[in-house]
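One structure below.
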Amino acid sequence: MSLYDRIHFKMISFVHDTLYGLFVNPYKLLNAAGLKPGQKVLEVGCGPGFFTIPAARIVGEKGRVYALDINPVAVEAVRRKIKERGLKNVEVILADASKTGLPEESIDVAFLFGVIHALNDVDAVMQEMHRVLKARGVLSIQKSWWSEKKLLDTVTKNGLFSFKEKTSGVFKFEKSQKTSA
Ligand SMILES: C[S@@+](CC[C@H](N)C(=O)[O-])C[C@H]1O[C@@H](n2cnc3c(N)ncnc32)[C@H](O)[C@@H]1O
């Protein structure tokens, strides 16, 4: 990882740990994403972990959060946070979202907050989300920089997901039973 990437991450991390919380209520967005106690949840692009800790608190001891990021510095930061807080229900994964390494049909909710616009290969990530989500599992995506139309078209175009509802800027999709594009 280049020095530029490290500095960029430090800046994002600083904003998330200080200002972001003044404007964004992570619990409101995670509830909108459909998180509930006892679930297995995949957080794609966890960054410095702004949503990871609240997600772990929502799913509780019987649930599990898989916090995944492609950036080793992000993964390191989240590992530190969960250790400091003594959280046992978070697993941090250093991987590309198109190859999570998680078992098939093992996840209740996968959420992508502030991430979709940054993905190199959105279609490959959608295929992977479809693979890891349980039947009728939920994919929740924060609109981010994309237009609503672009988001809906991109996620539903291969028939892998159907749009269910939008709450607090979070779009919820349900996994369809179709297995190939
Ligand atoms: C703007 S940050 C958002 C962080 C966090 N979700 C939030 O909203 O606070 C985007 C994150 O997505 C990660 N990312 C981008 N492409 C990825 C990919 N293909 N697989 C996994 N993570 C990815 C980046 O490394 C970065 O940490």
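Note that ligands are numbered from 1 as they come in the structure, with each ligand's atoms numbered from 1 the same way. For this chain, numbers begin at 1 and follow the sequence in order.
- The number of heavy atoms from other shown groups lying within 6.0 Å of CD (Glu91) is above 12.
- Smallest separation of non-hydrogen atoms from Thr100 and Met129: CG2-CE, 4.2 Å.
- Partners of Ala97 under the side chain to side chain contact (heavy atoms under 4.5 Å, CB included) rule, at least two apart in sequence or in another chain, are Val44, Leu68, Val125.
- No hydrogens or angles considered: a donor-acceptor pair under 3.5 Å links the side chains of Glu43 and Thr52.
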Kindly print each ligand 1 N/O atom paired with any protein N/O atom under 3.5 angstrom away, one pair per line, or none if nothing qualifies.
{"from": "ligand 1", "atom 1": "6 (N)", "to": "Gly45", "atom 2": "O", "distance (Å)": "2.7"}
{"from": "ligand 1", "atom 1": "6 (N)", "to": "Phe113", "atom 2": "O", "distance (Å)": "2.7"}
{"from": "ligand 1", "atom 1": "8 (O)", "to": "Phe113", "atom 2": "O", "distance (Å)": "3.2"}
{"from": "ligand 1", "atom 1": "9 (O)", "to": "His16", "atom 2": "ND1", "distance (Å)": "3.0"}
{"from": "ligand 1", "atom 1": "19 (N)", "to": "Asp96", "atom 2": "OD1", "distance (Å)": "3.4"}
{"from": "ligand 1", "atom 1": "20 (N)", "to": "Ala97", "atom 2": "N", "distance (Å)": "2.9"}
{"from": "ligand 1", "atom 1": "22 (N)", "to": "Ile70", "atom 2": "N", "distance (Å)": "3.3"}
{"from": "ligand 1", "atom 1": "25 (O)", "to": "Asp69", "atom 2": "OD1", "distance (Å)": "2.6"}
{"from": "ligand 1", "atom 1": "27 (O)", "to": "Asp69", "atom 2": "OD1", "distance (Å)": "3.3"}
{"from": "ligand 1", "atom 1": "27 (O)", "to": "Asp69", "atom 2": "OD2", "distance (Å)": "2.7"}

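- A salt bridge does not link Lys99 with Glu128: every distance from a Lys NZ or Arg NE/NH1/NH2 to an Asp or Glu carboxylate oxygen is 4.0 Å or more.
- A salt bridge does not link Lys134 to Glu105: none of the charged side-chain nitrogens sits closer than 4.0 Å to a carboxylate oxygen.
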